[in-house]
Amino acid sequence: MEPQLGLHELLHVFSFLEARDLLRAAQVDKVWNEVSRTKELWRQLCLRRWSSYKAPQMTLGTQTWKEYYLCRSELEFRMESGRPEKDFICKAIAGHNGDIDELAYISTNECRFDGQEKSVVCTVSSDSTVRAWDVQEGTEIWSSPLQPAALVNLAAYPRLQLVVTVDKQGLIKTWKAENGREWASFSLPTSSSALQACDHPETPFLLVASAEGVMYTLTVPQLQLLSWTSVFPSSPTSLLCSPDGQWVFASTQDSDLGPKVFYTQSLLCVLEDEPPVSSTLPVLLTSRACWAPDKTARLMVMHRNSDNMRLAITTYELGTKQSQKVQQIASFLLPDNMMPPHLMKGHGSQVVLLVSGLELVLFTIQGLQLAAFQDHQKPITSMWVVSARPPCTCIVAPLPEPAAPPHWASHFKDQSRVLTASFDLSLRVYVWNKENKFPVLKSCYHLLGGSHRWASGFTHVESDSMSIVGVEARSIGTSILRSYCFNVQHGSDDCVD
């Protein structure tokens, strides 16, 4: 009689298997099935696959790690496949009487598979209202009263369930996300040129730049003034907060004044007669910038080179508050035949994504071109890079045992993706393949808008873990939302080999 492995030996062997093989092993006999369901096996698979989701952030309740793994895998498969009706449901959401100028998700980025999934976005419009929308249901949750002027910008604090708006006259207001009630207000002396939410876990705050080049630091939700500093006198200023909220990049478009980086703690705790801690970068005529998501103090800046003839991208590492050292770690010139990019985002720690007209181009920070895509027929208007590291609470419902391993069970892809919106009335979805030395972007599918007879194209796009929302501009001077919500059917036949 052949010797048989004991439960402990079998568990040790199973610990080397991937999910697909583990599901197959479960079909051998009752003992293998029982061992293959061991909590620790599936916990390790989850942590290995979604390494950014640390155990304390996974709230499983009475559910299991295996159920979470299967649901999450199916969701990612459907978001990469993008088959209409099978993988997602599209809805048109109307309500505003003017153009939608900005949108932001206000729901926390939960991965729920218990039937309680809910994605909520907020929008501001030239019709002088801010509104909240249920993306899955395609309905309006609330609308603010008519405001004194058109609303032009929006910032969201999902963790605090707080929305911040600013109108074209510089009036800032905070709103409770659950019911749309006004919380507080603050008036700028002039109009606003930038609004940045910094949701630091210990001290959340708001940064606002005025058209006169002054940067204000406000508490949230009370909007009490903590500090103000003149950054670029009489020049509209752009702001960009680092991923960890420790730094803020301030610049003014195509100016001979070098951009500045401020240490945000010095804006929150102002010392008398001492200016905020800042460094001026040694570049001129800055046009765009972005932070590297996986390096909290790595900044990429697009600017003109020393003879002002060509565009360059220079990457800096910031030091500590004490050293105030800014170190250049890479720089390269953009190709001569490339139109000046109008959109710029970072991915990981080494990749820059640029949008130039119809084209999406990827470079390393050293200047190696990784890919170029021309999937749109008209100019790209918006780009959204979905982070691989969003906070996630995982709540899943029980699943029936699959009869065979679903073909998405070993679908090991980086869950982050890139979305582009265009005047051709389509959104394009890309996903990352990280099997190579550098991440490679794969073009997957289009999400189509409505009729060209009524719509002039998409102007914005954003996404959370389970949905995508675009702003579709109408020919009559209004906008609607178009949502794409992805289905998780818990082992449906179309996801089984």
Side-chain angles (χ1 to χ4, degrees), residues 96 98-109 119-133 140-211 214-228 236-245 248-250 262 264 267-268 384 391 460 462 464 469 471 481:
H96 278 298
D99 285 327
I100 295 174
D101 287 309
E102 289 291 341
L103 84 154
Y105 277 85
I106 193 60
S107 49
T108 54
N109 199 18
S119 298
V120 178
V121 296
C122 284
T123 54
V124 292
S125 169
S126 59
D127 68 6
S128 303
T129 64
V130 53
R131 306 186 189 216
W133 312 87
E140 181 182 295
I141 300 173
W142 54 260
S143 174
S144 72
L146 204 63
Q147 297 302 293
L151 301 180
V152 295
N153 210 344
L154 171 73
Y157 296 80
R159 185 176 60 88
L160 302 177
Q161 285 297 283
L162 186 72
V163 183
V164 182
T165 62
V166 62
D167 68 20
K168 66 178 183 180
Q169 296 176 351
L171 177 61
I172 304 168
K173 290 188 176 183
T174 52
W175 310 82
K176 294 182 179 180
E178 63 270 21
N179 54 26
R181 291 182 181 173
E182 182 181 328
W183 195 319
S185 64
F186 180 88
S187 292
L188 298 175
T190 62
S191 60
S192 166
S193 61
L195 195 67
Q196 276 279 293
C198 298
D199 195 3
H200 192 278
E202 296 177 1
T203 313
F205 58 97
L206 178 71
L207 292 172
V208 188
S210 74
V214 178
M215 179 171 62
Y216 298 84
T217 307
L218 306 172
T219 64
V220 289
Q222 297 87 359
L223 295 182
Q224 295 176 346
L225 181 63
L226 292 174
S227 66
W228 66 271
T237 300
S238 299
L239 302 176
L240 198 61
C241 214
S242 64
D244 63 353
V248 60
F249 173 80
F262 289 86
T264 55
L267 300 172
L268 298 173
W384 184 253
H460 299 76
E462 290 199 14
D464 68 357
V469 176
V471 175
L481 296 178

Is the shortest side-chain heavy-atom distance between [X] and [Y] below 4.5 Å?
X: Pro204; Y: Leu160; result: yes
X: Gln161; Y: Ile106; result: yes
X: Ser144; Y: Lys173; result: no
X: Leu218; Y: Leu226; result: no
X: Gln169; Y: Leu171; result: no

So, [X] side chain and [Y] main chain: donor-acceptor pair closer than 3.5 Å or not?
X: Thr129; Y: Leu146; answer: no
X: Ser227; Y: Leu267; answer: yes
X: Thr264; Y: Gly245; answer: yes
X: Thr219; Y: Gln224; answer: yes
X: Ser125; Y: Asp99; answer: yes
X: His96; Y: Gly98; answer: no
X: Ser107; Y: Ser119; answer: no

Please report the interatomic distance [atom1]([X]) to [atom2]([Y]), rounded to the nearest 0.5 Å.
X: Asp101; Y: Asn153; atom1: CG; atom2: CG; result: 8.5 Å
X: Leu195; Y: Leu239; atom1: CG; atom2: CG; result: 9.0 Å
X: Gln196; Y: Met215; atom1: CD; atom2: CE; result: 11.0 Å
X: Leu207; Y: Thr217; atom1: CG; atom2: OG1; result: 5.0 Å
X: Trp133; Y: Tyr105; atom1: CH2; atom2: OH; result: 14.0 Å

Are there over 12 heavy-atom neighbours, none belonging to Arg159, within less than 6.0 Å of that residue's CZ?
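Enclosed: over 12 neighbouring heavy atoms sit under 6.0 Å from CZ of Arg159.
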For the student: nearest non-hydrogen atoms of Leu103 and His460, plus distance
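Answer, listing the atom of Leu103 first, then His460: CD2-CB, 3.5 Å.
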Indicate the atoms forming the closest heavy-atom contact of Glu462 with Ala104, along with that distance.
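Smallest heavy-atom distance, with atoms named: OE1-CA, 3.6 Å.
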